[in-house]
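What follows is a single structure, written as structure tokens, with notes after it.
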2 protein chains.
Amino acid sequence: MATMTAAQRREAARVGFDAYIAECPARQLLDRIGDKWVSLVVNALADGPQRYSDLRRRLAGVSEKMLTQTLRALERDGLLTRTVTPSVPARVDYALTPLGTGLLPLMQSIKAWAEEHMPEVLAARESYDAAAGNGK
Amino acid sequence: MATMTAAQRREAARVGFDAYIAECPARQLLDRIGDKWVSLVVNALADGPQRYSDLRRRLAGVSEKMLTQTLRALERDGLLTRTVTPSVPARVDYALTPLGTGLLPLMQSIKAWAEEHMPEVLAARESYDAAAGNGK
DNA sequence: CTGTATCCTATCTGATACTG
DNA sequence: CAGTATCAGATAGGATACAG
């Protein structure tokens, strides 16, 4: 048959759009830097190389699992390097690559926009919630 | 007692840091624009006001639930307006507010960085995976 | 047309315990 | 010191059916 059911057409459109989203560079980037700990790790490393335990201390709330997972993801993406010094006890240093350093100006832009406009967003949120609260 | 156990100190540090993260404007912003559909909706509305069904068509893969949820969140944050025309059938238009429009340059910066550097990231990812694959 | 309600799965996140 | 392994709870995301 040359025709598809409506459900099939919708499904086909969804799959195609999902593929488009998966390839969209901007969304790939947002997926990465939107991760809870990524921006914090990158910022911590902006001050220079840090050891695993330094990072764990600076990001006081991170679990070992999430820290390791975040560092591995960033290493995989070429944003930072992992250097093992096989002394006893072992020592591992993490440092931003040039690619990772190149991310800093963008993070700065995001931070600047946030600091300038998030208060408005928060105010809007409060007034929206207040209105909804009155309705109930 | 003046002292806390190690576990208590860690817990206190974690709670304090979580509070800091929750207040950090940059992280709040990333949480918002990192949502899967937010950037797509904002971009779609950059071309001008759109109706609910227009958006659903343009974002082919979105479920009604996620589209509504995303639109409500953006409305709550003062980034877009929702205008109901109570005709039959009902008609609802969504449009960016000035605050929402102000987000566009930032989105553009993100897109620009992504298009310039994501190929490097993807290449790093492939070579990392290839190396890991050899090891197994 | 524009949603809301329900149910279900996948993923994310974290706590805990253990290892080289 | 720097992780890995495992388990459980929370949350996001989506399919489907129904309502105003």
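The sequence lines fix the lettering, A, B, ..., with proteins before strands; numbering per chain opens at 1. Remember, it's a predicted structure, so these values are computed and weren't measured experimentally. The figures here come from the full heavy-atom set of this structure, side chains too, leaving out hydrogens, waters and symmetry mates.
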Point to revise | Working for side-chain contact (heavy atoms from CB on, under 4.5 Å), residues A:D47 and A:R58 | key: CA-CA 12 Å; A:D47 298 343; A:R58 283 183 66 147; 3.0 Å; yes

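For the contact set between residues 62-76 of chain B and DNA chain C, defined by any heavy atom under 4.0 Å, the members are B:E64, B:K65, B:T68, B:R72. At a non-hydrogen distance threshold of 4.0 Å, B:R82, B:P89, B:A90, B:R91, B:V92, B:Y94 from residues 78-96 of chain B come into contact with DNA chain C. Within a heavy-atom distance below 4.0 Å of DNA chain C, the residues of residues 20-42 of chain A found are A:K36, A:W37. Taken residue by residue, residues 49-56 of chain B places no heavy atom nearer than 4.0 Å to DNA chain D.
Rotation axes derived from the C1' atoms of the five outermost pairs at either end of the helix from C:dC1-D:dG20 to C:dG20-D:dC1 lie 50° apart, to the nearest 10°.
Taking 4.0 Å as the cut-off between side-chain N and carboxylate O, B:D77 and B:R72 do not count as a salt-bridged pair. With respect to the salt-bridge test (charged N to carboxylate O, under 4.0 angstrom), the residues B:R57 and B:D54 qualify.
In this structure, B:K111 and B:M107 have side chains that are not in contact, with every pair of non-hydrogen atoms separated by 4.5 Å or more. For the pair A:L104/A:L96, a side-chain contact is recorded, criterion being any heavy-atom separation below 4.5 Å from C-beta on. The side-chain heavy atoms of A:R91 and A:V84, taken from C-beta on, include no pair separated by under 4.5 Å. Side-chain contact between B:L29 and B:L106: present, with at least one pair of heavy atoms (C-beta onward) separated by less than 4.5 Å. Under the 4.5 Å side-chain criterion, counting only non-hydrogen atoms from C-beta, B:R82 is in contact with B:V92.
With sequence neighbours excluded, no residue satisfies side-chain hydrogen bond (donor to acceptor under 3.5 Å, both in side chains) with A:S63. A:T70 meets the side-chain contact (heavy atoms from CB on, under 4.5 Å) test with A:W37, A:V38, A:V41, A:L74; sequence neighbours excluded. A:E64 meets the side-chain hydrogen bond (donor to acceptor under 3.5 Å, both in side chains) test with A:R56; sequence neighbours excluded. B:R27 meets the side-chain contact (heavy atoms from CB on, under 4.5 Å) test with A:S39, A:L40, B:I21, B:C24, B:L30, B:D31; sequence neighbours excluded. For B:T101, there are no side-chain hydrogen bond (donor to acceptor under 3.5 Å, both in side chains) partners two or more places apart in sequence or in a different chain.
Nucleotides of DNA chain D with any atom under 4.0 Å from a heavy atom of chain A span, from 5' to 3', D:dC1 to D:dA15.
Annotation: B:E126, atom CD; neighbour count of heavy atoms from other residues, nucleotides and ligands within 6.0 Å does not exceed 12.
A:T81 contributes atom OG1, which lies 8.5 Å from atom CG of A:D93 (distance to the nearest 0.5 angstrom). Between B:E75 atom CD and B:T68 atom OG1 the span is 11.5 Å, to the nearest 0.5 Å.
Within the structure, the ring-ring contact (aromatic ring centres under 6.0 Å, His included) test picks out the following pairs touching residues 80-113 of chain A (sequence neighbours left out): A:W113-A:H117.
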